[in-house]
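In what follows, a structure is listed as structure tokens, so that the remarks can point back to it.
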Amino acid sequence: MSSIYDSLNPAQQEAVRHTEGPLLILAGAGSGKTRVLTHRIAYLIEECDVNPWNIFAITFTNKAAKEMRERVDALLSYGAEDVWVSTFHSACVRILRRFIDRLGYDRNFTIYDTDDQKTVVKEAVKKLDLDPKLFRERAVLSHISSAKNKMIGPDTFAAQTGNDPYMKKIADIYREYQERLKANNALDFDDLLCRAVELFEKDSEALEYYQNRFKYIMVDEYQDTNAVQFRFVSLIAAKYRNLCVVGDDDQSIYGFRGADIRNILGFEKVFPDAKVIRLEENYRSTKIILDAANGVIHHNTTRKDKTLWTEKGEGSKIIFRTYPTEHDEARAIVKDIARRKKADTQYNEFAVLYRTNAQARVLEEKFIMSGIPYRVYGGVNFYQRKEIKDILAYLKIIDSGLDDVSVRRIINVPKRGIGATSLGRAEAYAAKWNINLLEALRIADTIDGLGRASDKMKSFVDMIDVFRTKQKFLSLTELYDDVIETIGYAQVLQEDGSDEAKTRLENLDELRNKIVEYQDNSEEPTLTELMEQIALVADIDNLDESDDRVALMTLHSAKGLEFPHVYMAGMEEGLFPSYMSLNSDDGDDAVEEERRLCYVGITRAMQTLMMTCAMQRMVHGNFQINEVSRFVKEIPPKLLDLEAPAQRSRSGGDSFGRGAGGFAKSANSFSGNGYSGPANSFSGNGRSGSAGSFSGKGRSKSANPFAGGGSNPFATKGSDMVKTLPDYSVGDRVKHIKFGEGTVTEIKDVQKDYQVTVEFDGSGVKKMLAGFARLKKI
DNA sequence: GGGCCTCAAGTTTTT
DNA sequence: CTTGAGGCCC
């Protein structure tokens with residue numbers, strides 16, 4: 001008798017059939033782990049008579065959750081909708097909406113995103129009369145977040161600071177921050193997890209409810225769980241112990257966010273009776289791609305040893321190219337995509353992956369020039385845009401008046417003549433009487449010194465009240481339209497008329513689309529649920545495979561995805577691995593995480609992979625010289641296609657020419673046809689900018705760092721390059737045409753030039769290339 | 001109170 | 001280079 005399980009390989013089948021007790025599935029990249037999970041769910045329901053209601057599958061992203069649900073749905077004739085498939089965060093929200101009143105919160109709580117968190121920290125710092133320069137929001141928040149990820153509350157935190165005066169202040173801010181969140185009835189992302197765990201630990205009734213309900217638990221991407229998530233899962237699974245975790249320690253890339261790789265490495269210690277199953281056959285990539293990935297990851301020391309294999313053919317070699325600048329790099333990638341794109345190839349078979357979102361800008365520019373449709377994922381989240389946050393703040397206040405942060409955000413947006421001074425008085429009054437800001441505004445006429453502002457405040461509150469009344473009989477879309485109309489938000493933008501204002505208007509339309517979409521897909525749409533869905537989506541969740549565009553995204557965002565053709569841009573030391581990881585306190589750990597990220601990137605590719613590197617890149621407005629990433633060097637050389645030695649050519653007549661030699665010219669000139677069409681328009685988050693002009697500076701298009709054919713293809717210097725030694729040395733006084741006079745503090749030998757560090761008297765420390773810094777010794 | 005200007009900092013990754 | 005925040009002037 002044939003069944004849906006016959007298509008699985010023996011290891012996969014074993015994983016599906018092992019339903020009772022703890023199970024660790026070590027699933028290498030592309031080894032079909034989602035298949036296993038979905039089949040396992042189907043098996044539990046169909047073969048083991050498990051009630052779908054008793055199954056809980058936890059994923060990392062909404063996208064993964066959606067995909068899993070769809071696939072389970074396709075396998076099952078009934079019951080799929082009763083399986084709980086959700087991310088950690090949305091699962092916690094769901095639990096807390098039901099029980100958080102037992103912790104003294106209102107069940108109608110709002111969720112604060114990073115921006116809101118920063119605002120609260122800023123307020124706390126101000127309240128405590130601390131120097132905002134010393135306590136920057138980012139730094140403070142990272143302390144708070146890592147404390148929360150270890151379930152350390154403000155009291156414990158304060159007790160652990162010892163005699164460190166800085167940390168003592170952080171503890172104060174943490175306490176104040178937490179109090180403010182509570183006063184605003186708000187939870188931040190970390191709180192969602194922490195409060196759920198707190199609930200389970202304090203309230204055995206709530207815990208038992210979920211323990212009894214979730215007899216079978218599955219956790220995807222287990223290598224990315226942190227301490228709180230581990231506790232959350234352990235608590236719920238404690239009764240039945242049918243806990244199946246799936247992950248790949250080689251793909252653990254969220255350590256910076258508190259993910260603890262030891263959760264997966266130590267699973268067998270926590271559950272000594274755990275069954276361990278390895279999935280090592282890869283169904284995604286060619287042999288060469290897989291060998292490259294294995295070659296790289298084997299440089300890590302702390303990992304469970306395993307080697308992926310495939311029955312697929314060799315495939316083509318991994319192309320590695322170096323270019324003079326990030327512009328040349330981006331052009332070459334675009335050109336390569338145009339070359340590969342044939343009638344039977346789709347644009348959505350291509351992805352360009354990079355380490356930092358900042359790299360997207362230049363790539364995007366070249367895509368626009370080429371007319372190739374693309375989409376940038378990630379970066380500034382759609383929901384973090386000013387106009388979106390403004391309107392959402394209105395909706396939040398209508399939904400829950402306790403949120404001071406949102407009130408403050410829009411009390412004077414659009415301008416209604418309530419300035420900082422008046423607002424400050426109202427806030428002081430609210431603090432004095434311990435009431436919410438909105439309530440203080442409501443009785444503004446009893447606040448001293450407000451003058452005419454009190455009328456304006458009152459009419460603001462009246463307006464909110466009207467919205468609240470209307471909310472009862474308007475649909476969400478109608479409410480949205482009414483808000484926009486009443487406050488005149490779109491009107492202000494229309495009158496502005498600038499490109500920026502137009503983009504904002506487009507974004508507002510997009511927000512409206514999302515609200516309509518939510519409303520249509522939800523059985524019982526509520527403002528609360530809408531706000532919560534919005535708070536918990538990531539851009540990558542919107543990836544639509546049927547959309548025929550090239551995908552541009554960070555390596556992190558690419559986890560869990562696959563593409564026939566992958567480009568990894570910016571393979572440079574200092575960028576990837578990142579500068580931060582190279583200077584990290586915890587030694588090689590940080591670099592190992594970067595290496596895993598590289599492994600993730602390589603294993604996204606199914607058929608072809610191209611890696612690129614720019615010798616010189618603009619970072620924060622100045623040029624930075626980087627060497628080829630160590631990760632490229634860790635790929636066995638026989639798997640790489642390095643460019644054939646290029647011919648010498650004339651030096652370019654531009655500012656980048658540098659005496660004899662110049663950059664070698666390659667065959668990759670960018671003069672092909674089909675590149676002049678207008679950029680395709682596309683909907684969405686304002687990334688569609690208009691086409692810029694071609695830089696026309698006549699730069700040479702490509703350089704081959706391996707030119708000269710030495711035995712070591714990774715030599716940092718081309719042997720046929722002539723570089724002149726600067727006539728100054730460390731300690732000398734020099735003059736720069738723009739920065740004036742300064743002292744040389746360092747001269748570094750880098751690829752094809754010397755990097756000079758100068759401490760300028762007026763402009764601070766600059767790093768520049770001797771070749772075109774034109775420094776004059778004084 | 002509002003707008004403009006200057007200055008400073010930032011960029012590692014995101015639920 | 002870009003963006004955001006704070007300061008200053010109207």
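Letters A, B, ... mirror the listed sequences (proteins, then strands); counts begin at 1.
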Tell me whether the OP1 or OP2 atom of [N] has a side-chain N or O from [X] closer than 4.0 Å.
X        : N      : result
A:Ser90  : B:dT15 : no
A:Ser557 : B:dT14 : yes
A:Asn357 : B:dT13 : yes

**Prompt:** When you measure from the centre of the six-membered ring of A:Tyr599, is the NZ or CZ of A:Arg595 under 6.0 Å away and within 45° of the axis?
**Reply:**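 That pair does not qualify as a cation-pi contact.
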
**Request:** Kindly confirm or rule out a cation-pi arrangement of A:Lys559 over A:Tyr254, judged by NZ or CZ under 6.0 Å from the six-membered ring centre and within 45° of its axis?
**Result:**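 Checked: cation-pi criterion not met.
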
Mind listing the N/O atom pairs, protein and nucleotides 1-5 of chain B, below 3.5 Å?
from, atom 1, to, atom 2, distance (Å)
B:dG1, OP1, A:Gly419, N, 3.2
B:dG1, OP1, A:Ser422, OG, 2.8
B:dG1, OP2, A:Thr421, N, 3.4
B:dG1, OP2, A:Thr421, OG1, 3.0
B:dG2, OP1, A:Gly417, N, 3.3
B:dG2, OP2, A:Asn412, ND2, 3.2

Check the distance between [N]'s [atom2] and [X]'s [atom1] and give it to me in whole angstrom.
X        : N      : atom1 : atom2 : value
A:Tyr383 : B:dT15 : OH    : P     : 13 Å
A:Asn622 : C:dC1  : CG    : P     : 10 Å
A:Asp115 : B:dT15 : CG    : C1'   : 15 Å
A:Asp220 : B:dT15 : CG    : C1'   : 14 Å
A:Tyr354 : B:dT12 : OH    : C1'   : 13 Å
A:Glu365 : C:dT2  : CD    : C1'   : 14 Å
A:Arg385 : C:dG4  : CZ    : P     : 11 Å
A:Gln616 : C:dC1  : CD    : P     : 14 Å

**Request:** Compare the minimum distances between each of B:dT11, B:dT14, B:dT15 and the side chain of A:Phe189, then state the nucleotide with the smallest one.
**Result:** B:dT15

**Prompt:** Nearest to the side chain of A:Arg361 - C:dT3, B:dT14, B:dT11?
**Reply:** C:dT3

Hey, does [X] reach any base, or is it just sugar-phosphate, or nothing, if we go heavy atoms under 4.0 Å?
X        : answer
A:Phe60  : sugar-phosphate
A:Glu593 : nothing
A:Tyr254 : sugar-phosphate

**Prompt:** Using a distance-only test with no angle check, is there a side-chain donor-acceptor pair under 3.5 angstrom linking A:Tyr383 and A:Asp113?
**Reply:** no

**Prompt:** Regarding A:Ser252 and A:Asp249, is there a side-chain donor-to-acceptor distance under 3.5 Å anywhere?
**Reply:** no

Check the interface with nucleotides 5-10 of chain C: list each N/O to N/O pair with the protein under 3.5 Å, or write none.
none

**Message:** I'd like to check, for A:Phe256, whether its ring lies over the base of B:dT13 with centroids under 5.5 Å apart and a plane angle smaller than 30°.
**Reply:**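 Here A:Phe256 meets both the 5.5 Å and the 30° conditions.
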
Are there any protein N/O atoms within less than 3.5 Å of an N/O atom in nucleotides 7-10 of chain B, and if so, which ones and at what distance?
from, atom 1, to, atom 2, distance (Å)
B:dG10, OP1, A:Arg136, NE, 3.4
B:dG10, OP1, A:Arg136, NH1, 2.9

**Request:** Apply side-chain contact (heavy atoms from CB on, under 4.5 Å) to A:Leu134 and list each qualifying residue two or more places apart in sequence or on a separate chain.
**Result:** A:Asp131

**Request:** Under the side-chain contact (heavy atoms from CB on, under 4.5 Å) rule, collect the residues that match up with A:Tyr579, sequence neighbours excluded.
**Result:**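 Residues passing side-chain contact (heavy atoms from CB on, under 4.5 Å) with A:Tyr579: A:Asn583.
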
**Asked** Does A:Lys126 pair with A:Glu123 as a salt bridge, N-O distance under 4.0 Å?
**Response** no

**Asked** Are A:Tyr177 and A:His143 near enough that their ring centres are under 6.0 Å apart?
**Response**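 Between A:His143 and A:Tyr177, which both carry aromatic rings, the centre distance is not below 6.0 Å.
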
**Residue list, side-chain hydrogen bond (donor to acceptor under 3.5 Å, both in side chains) with A:Thr61, at least two apart or on another chain** = none

**Asked** Heavy atoms, side chains only, cut-off 4.5 Å: are A:Leu582 and A:Arg630 in contact?
**Response** yes

**Item:** Exceeds 12 heavy-atom contacts within 6.0 angstrom, atom NZ of A:Lys150
**Value:** no

**Qualifying residue for side-chain contact (heavy atoms from CB on, under 4.5 Å) with A:Met568, from A:Ile602, A:Thr612, A:Val352** = A:Ile602

